[in-house]
2 protein chains.
Amino acid sequence: MPSPKIARPSSRPVRSAPLQAASLRQTRRAHATETAEDYVEAIADLALAMGEARVVDLARRLGVTHVTVNHTLARLQRAGYLSALPYRAIFLTPHGQRLAKICQQRHEVVVAFLQALGVPPKIAERDAEGIEHHVSPRTLAAFARHLAQ
Amino acid sequence: MPSPKIARPSSRPVRSAPLQAASLRQTRRAHATETAEDYVEAIADLALAMGEARVVDLARRLGVTHVTVNHTLARLQRAGYLSALPYRAIFLTPHGQRLAKICQQRHEVVVAFLQALGVPPKIAERDAEGIEHHVSPRTLAAFARHLAQ
DNA sequence: TCTGTAATGTAGCTAAGGCTACATTATGGA
DNA sequence: TCCATAATGTAGCCTTAGCTACATTACAGA
């Protein structure tokens with residue numbers, strides 16, 4: 001079907017294909033690390049709250065079964081975010097701790113920002129959980145700037 | 001391991017497990033429709049810009065191979081978002097058109113909002129592509145409100 | 001010390017969403 | 001008309017992330 005597609009019937013300046021393609025690639029990349037971020041953050045929270053993170057608690061907190069948690073933990077351990085021994089608690093590596101800290105801070109900023117805009121707390125929390133993974137440093141800085149005034 | 005976990009060594013009021021679990025469930029739900037949203041939006045854009053949407057154009061715009069596009073189109077067709085015949089262009093059903101319209105509007109609001117906060121256009125576009133799928137109606141309204149002033 | 005049971009682990013399934021390699025179709029232009 | 005080639009489709013692979021059902025382990029309390 002070698003049609004040279006020269007003309008563009010519409011004059012509307014739609015999103016440029018390359019930019020959108022790049023953006024979506026970026027989004028997919030972000031999605032690949034979303035799980036890691038959610039897990040290390042939850043593990044850090046649990047370690048602080050209960051002294052250690054266990055599989056059941058993670059499952060409860062993440063809204064999945066313990067089987068899914070187990071499966072994901074194996075991957076995150078391979079990736080160097082955490083260490084765990086069979087039937088024992090889970091601990092973050094320094095690498096995992098760094099990531100957890102960044103995520104916690106970012107989460108707090110996003111939630112505070114949404115609430116400052118007038119979004120009700122529970123909805124802010126809910127939306128933030130999805131939004132935060134796609135907030136670049138520049139955008140996070142813009143949120144923080146807005147909060148500062 | 002029946003340990004009654006009564007005590008909470010820390011006093012920090014961490015995120016409640018049920019709320020976070022519900023939020024993450026919501027995020028996963030959103031993620032399941034993300035692809036549909038991206039595709040119908042791109043198809044609507046292409047239909048407007050080139051008169052019709054073809055697989056290659058979608059692949060270019062979405063940053064994936066034509067194989068992935070094909071595979072996803074089959075699913076979206078089953079889901080009733082679009083209609084397509086082999087080796088022919090793709091068309092949105094009324095259902096798909098409705099979704100496309102909502103997504104386009106939401107996308108514009110999110111991009112404009114980020115830019116209004118001082119985020120550079122390209123970064124705003126990039127972040128919006130990931131963020132928009134997790135913006136609830138309430139939050140979108142808050143963005144629009146902020147833009148109005 | 002022993003054991004019931006909660007916690008943890010394993011087997012094996014599903015679906016989405018990527019990919020490469022190869023097969024088939026449609027069509028513009030010779 | 002016919003065919004080269006771009007577009008489209010198919011086969012078959014991978015990874016992530018869910019799940020149910022079942023097996024194993026550890027430990028609190030009798």
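Computed over heavy atoms, backbone and side chain alike; hydrogens, waters and symmetry mates excluded. Protein chains get the first letters and strands the later ones, always in sequence-line order, with residue 1 at the start of each.
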Interatomic distance where CZ belongs to A/Arg29 and P belongs to C/dG17 [whole Å]: 18 Å
Spacing of OG belonging to A/Ser16 relative to CZ belonging to B/Arg61, to within rounding of 0.5 Å: 7.5 Å
DNA chain C: 5'-proximal contact among A/Arg25 and A/Pro86 (nearest heavy atom): A/Pro86
Value in whole Å for how far the P atom of C/dT5 lies from OH of A/Tyr87: 18 Å
For atom CZ of A/Arg60 and atom P of C/dT8, their distance in whole Å: 9 Å
Interatomic distance, A/Arg28 CZ vs C/dG17 C1' [rounded to whole Å]: 9 Å
Within residues 63-74 of chain A, residues whose heavy atoms come under 4.0 Å of DNA chain C: A/His66, A/Val67, A/Asn70
B/His31 side chain to B/His133 side chain, donor-acceptor N/O pair below 3.5 angstrom: no
Cluster check A/Val40, A/Met50: I/L/V/M/F/W/Y, side chain < 4.5 angstrom: yes
Sidechain-backbone polar pair: B/Thr33 side chain, B/Ala36 backbone, donor-acceptor under 3.5 Å: no
Residue-phosphate contact under 4.0 Å: B/Arg75 side-chain N/O, C/dA15 OP1/OP2: no
Rounded distance (Å) that lies between atom C1' of C/dA16 and atom CD of B/Gln77: 17 Å
CZ/B/Arg28: more than 12 non-hydrogen atoms of other groups inside 6.0 Å: yes
Atom-pair distance (CZ on A/Arg78; P on D/dA17), nearest Å: 11 Å
B/Leu58 CG to D/dG9 P, straight-line distance once rounded to whole Å: 11 Å
Heavy-atom donor-acceptor pair, A/Arg106 side chain to A/Glu132 backbone, under 3.5 Å: yes
Modelled atom types, side-chain donor and acceptor of B/Glu125 and B/His107, under 3.5 Å: yes
Connected-component partners of A/Leu140 among ILVMFWY, side-chain separation under 4.5 Å: A/Val109, A/Val110, A/Phe113, A/Leu114, A/Leu117, A/Val119, A/Ile123, A/Ile131, A/Val135, A/Phe143, A/Leu147, B/Val109, B/Val110, B/Phe113, B/Leu114, B/Leu117, B/Val119, B/Ile123, B/Ile131, B/Val135, B/Leu140, B/Phe143, B/Leu147
Integer-rounded Å distance: C/dT24 P and B/Arg88 CZ: 19 Å
Distance-only side-chain donor-acceptor flag, A/Gln20 / B/Asp38, under 3.5 Å: no
Members of residues 31-44 of chain A that approach DNA chain C, where some heavy atom sits under 4.0 Å away: none
